[in-house]
Amino acid sequence: MTDAAPSVSDIQKYFASASFTQSAARLAQCPLDEGLETAFAGRSNAGKSSAINRLTGQKKLARTSKTPGRTQLINFFMLKDQQRLVDLPGYGYAKVAINKKLEWQKHLEQYLEKRTSLTGLVLVMDVRHPLQPYDVIMLDWVKQYDLRCHILLTKADKLKRGAAKQALMAVKHAVKGQHNTSVQLFSAAKGDGVETARQVLFDWLH
Ligand code: GDP
C-alpha cells in the first residue's frame, strides 16, 4: 500500500487476509500483547460469527456453531504482523451454568482491562433485541477502561427499512453520552454496512 488513502478494495483485501492463529481460554494464553488488535463481542446468537465472516469475506473463519464449549475460547486471527482480529466468547448463552457465566465474565473483563494492544471493541447486537443486560455491562466496561466501541446492529435485513432506522436512532440515543462509541446498521446476510464497518476497523488498526 502507498501513502495514499487505501481504496475500498485495498481494505477488503486487508480483511480477506485474516487467518486463524490461536485460541486462548484466559489472558495468560493470549499472544504477546504487542501491536494492535480489535475485538468482537456479543450475546450468543447475536450474529457475531456471521459478521466476522462477512467482514473478512471468509465463510468459515469464525465458526457459526452454537456449541457453548467452543465459545469459551478467545480466538485470534492475524491480519498482518502485529495486527489482529479477536473473537471473544459469546455471552448470555441460556444453557450455561451460572458459575461458568461468571468465569467467562471474569476473563472477558480481564481481557478488556489489561490488553494494551486492544484498540477498540466491536459490539454485535441483533437489531431486533439491542442493549440486553450483558450488552450494557460491556458498555460499562468500555467506559470504565476507556475503550473505543463500534456497535453493529446486525440482521438489519430482518426489519423493514423504517423499523431498522428507528432501532438505529434508539440505540444512538441510548449511547449518546458514551465516549468514543458509534453505531451502525449491518447485515451479514445481505452485506449492508460492510464497507462502513471495515473502514472503522481499518482506521483503528492503523
Ligand atoms: P453468534 O452466536 O453471535 O456467532 O451468531 P451467528 O453468527 O452464529 O448467527 C446466529 C444466527 O443468526 C445464525 O442462524 C445466522 O445465520 C443468523 N444471522 C446472523 N447474521 C445474520 C444477518 O445479518 N441476517 C440474517 N437474516 N441472519 C443472520
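Order of appearance sets the numbers: ligands from 1, and atoms from 1 within every ligand.
Residue Ala51 has no N or O atom closer than 3.5 Å to an N or O atom of ligand 1. Taking any N or O of Ala156, backbone or side chain, none lies under 3.5 Å from an N or O belonging to ligand 1.
Proximity to Ser187 (heavy-atom distance under 4.0 Å) selects the following atoms of ligand 1: 23 (O). Which parts of ligand 1 touch Ser50 is read off a 4.0 Å heavy-atom cut-off, strictly below it: atoms 6 (P), 7 (O), 9 (O), 15 (C), 19 (C), 20 (N). Atoms of ligand 1 lying under 4.0 Å from any heavy atom of Thr154, numbered from 1 in the order shown and given with element: 23 (O). Within ligand 1, counting atoms from 1 as listed, the ones closer than 4.0 Å to a heavy atom of Ala188 are 20 (N), 22 (C), 23 (O).
In this structure the side chain of Leu185 never reaches within 4.5 angstrom of the side chain of Asp192, judged on heavy atoms. Side chains of Met125 and Gln132 form no contact here, defined as non-hydrogen atoms less than 4.5 Å apart.
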| request: May I have the step-by-step check of side-chain contact (heavy atoms from CB on, under 4.5 Å) for Leu88 and Tyr111, ending in yes or no? | output: CA-CA 9 Å; Leu88 295 172; Tyr111 171 83; 3.7 Å; yes
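Heavy atoms from both the backbone and the side chain of Asn45 come within less than 4.0 Å of ligand 1.
Taking the six-membered ring for Trp and thresholds of 30 and 60 degrees, Tyr134 and Tyr91 have ring planes inclined between 30 and 60 degrees apart.
Among pairs with a residue in residues 116-139, those fulfilling salt bridge (charged side-chain N to carboxylate O under 4.0 Å, His left out) read Asp126-Arg128, Asp126-Lys155, at least two apart in sequence or across chains.
Comparing Lys158, Lys155, Lys190 against atom 17 (C) of ligand 1, the shortest heavy-atom distance belongs to Lys155.
Under a 4.0 Å heavy-atom criterion, Ser44 is in contact with ligand 1. At least one heavy atom of Ala46 sits closer than 4.0 Å to an atom of ligand 1. Residue Arg43 places a heavy atom less than 4.0 Å from ligand 1.
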Show which side-chain atoms of residues 140-147 pair as donor or acceptor with protein atoms under 3.5 Å away, not counting sequence neighbours.
unit_1 : atom_1 : unit_2 : atom_2 : d
Trp141 : NE1    : Glu109 : OE2    : 3.2
Tyr145 : OH     : Glu109 : OE2    : 2.5

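Side-chain atoms of Ser117 and Arg84 include a donor-acceptor pair closer than 3.5 Å. Between the side chains of Ser7 and Asp10, a donor-acceptor pair is found at a separation under 3.5 Å.
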